[in-house]
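Some notes on the structure that comes next.
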Amino acid sequence: MSSSPSRSSSSSGSSSSSSASARKRLLISAAVAVAAVTLGIVSWRATAPEERPDRSSSSSAAAAPRGSDVHAELAKLARREAGDKLAAGRADAPVVLIEYSDFKCGYCGKFARDTEPELVKKYVEDGTLRIEWRNFPIFGADSETAAKAAWAAGQQDRFAQFHAAAYADGAKEKGFGRARLLELAREAGVPDLERFEKDMAGDAAAAALQKDQEEGYRIGVTSTPSFLLNGQPIAGAQPLGAFEAAIAKAKAETKAEPQAKAEPQAKAEPQAADGRAAR
């Protein structure tokens, strides 16, 4: 009889802890969903590249709901795979920029020509930044075939070159039919064009595209370009200075995190082996 209350108390404590954990997971999921909606709405207003005049090429950063939990969850989308063919920079870089883009998107092209090369030169090359590309075609069949072609070029280590050729000024106006994609592959220096065509039409390319699209839709991306920088949403083809400021802030935060975790331990009073305060 005396053991029964003990078991009941233990069970109650376990149940309470489980409920608290479940509530926390639910709250985080809800917060991420709210952040996703915010990213989608702001991104849509900020971009819509085919419907806005060229002079409005930049947009406001998406203001995600406050809370480290939200950004921490979004930051986990960084894959950091060493063998990622559609990424540039060290897998352990302190800052990761995830880019959701479409090859038919005018503002994506502006970012690719005007801003991305500067970010690579200034931050990727010194190990600060990693850029991970996500194919997010939203402008129809041509967008999807271009995305698969870029993936196929990446299988032969020519993604960056194909990316540059497909986003060259005036390139999207020529379309992305089969002949044009082969032309871009040649321009990018893809060595085996027969393999390129086979890869582009294969199941692996379709699966990779679906994975990127599902990720984007899951977090509320509705327009391109949209970005996550260490979990912080950024919408539209922002000017270089906006990305520089965001990268500097993210880098400072990653440096501060280990220090913040170490401080409580450093302040703790050393203990002797018997548990008494050391003198």
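The existence of a salt bridge linking Lys110 and Asp169 is excluded, since no basic side-chain nitrogen approaches an acidic carboxylate oxygen closer than 4.0 Å. Remark: Glu132 does not engage Arg80 in a salt bridge, criterion side-chain N to carboxylate O under 4.0 Å. A salt bridge is absent between Glu183 and Arg186; no separation between the charged side-chain nitrogens and carboxylate oxygens falls under 4.0 Å.
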Using the rule given for side-chain contact (heavy atoms from CB on, under 4.5 Å), can you reason through Ile247 versus Thr128, listing the C-alpha separation, both sets of side-chain angles and the distance that settles it, and then say yes or no?
CA-CA 9 Å; Ile247 291 168; Thr128 297; 4.2 Å; yes
Would you check, one step at a time, whether the test side-chain contact (heavy atoms from CB on, under 4.5 Å) holds for His71 with Asn230?
CA-CA 7 Å; His71 293 158; Asn230 278 17; over 6 Å; no
Start with the C-alpha distance between Leu74 and Ile219, add both sets of side-chain angles, then the distance that settles side-chain contact (heavy atoms from CB on, under 4.5 Å), and finish with yes or no.
CA-CA 8 Å; Leu74 292 175; Ile219 64 168; 4.0 Å; yes
Between Asp192 and Arg158, does the salt bridge (Lys or Arg N to Asp or Glu O under 4.0 Å) criterion hold? Intermediate values first, please.
CA-CA 11 Å; Asp192 187 340; Arg158 289 293 186 276; over 6 Å; no
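Although no hydrogens or angles enter the test, the distance criterion places no donor-acceptor pair under 3.5 Å between the side chain of Gln155 and the main chain of Phe196. At distances below 3.5 Å, not a single donor-acceptor pair connects side-chain atoms of Asp142 with backbone N or O atoms of Gly175. Here the side chain of Arg178 pairs no donor or acceptor atom with the backbone of Glu197 at under 3.5 angstrom. With hydrogens and angles ignored, the 3.5 Å screen pairs no side-chain donor or acceptor of Arg134 with any backbone N or O of Tyr100. A donor-acceptor contact shorter than 3.5 Å is absent between the side chain of Arg90 and the backbone of Gly127.
Annotation: the span from Asn135 atom CG to Glu99 atom CD amounts to 10.0 Å, rounded to 0.5 Å.
Taking the six-membered ring for Trp, Phe103 and Tyr167 have ring centres closer than 6.0 Å. Ring pair Phe111/Phe243: centre-to-centre distance below 6.0 Å.
No donor-acceptor contact under 3.5 angstrom links the side chains of Thr224 and Asp102, judged on distance only.
When the shell of 6.0 Å around CG of Asp203 is examined, it contains 12 or fewer heavy atoms from other residues, nucleotides or ligands. Within a 6.0 Å radius of CD in Glu194, no more than 12 heavy atoms belonging to other residues, nucleotides or ligands are found. Around atom CZ of Arg113, more than 12 heavy atoms belonging to other residues, nucleotides or ligands sit under 6.0 Å away.
Under the 30°/60° scheme for interplanar angles, the aromatic rings of Phe159 and His163 are found to be tilted. Below 30°, between 30° and 60°, or above 60°: for Tyr217 and Phe136 the angle between ring planes is between 30° and 60°, a tilted geometry.
Checking Lys249, Lys255, Lys251 one by one against Glu253, the side chain to side chain donor-acceptor pair (under 3.5 Å) holds for a single residue, Lys249.
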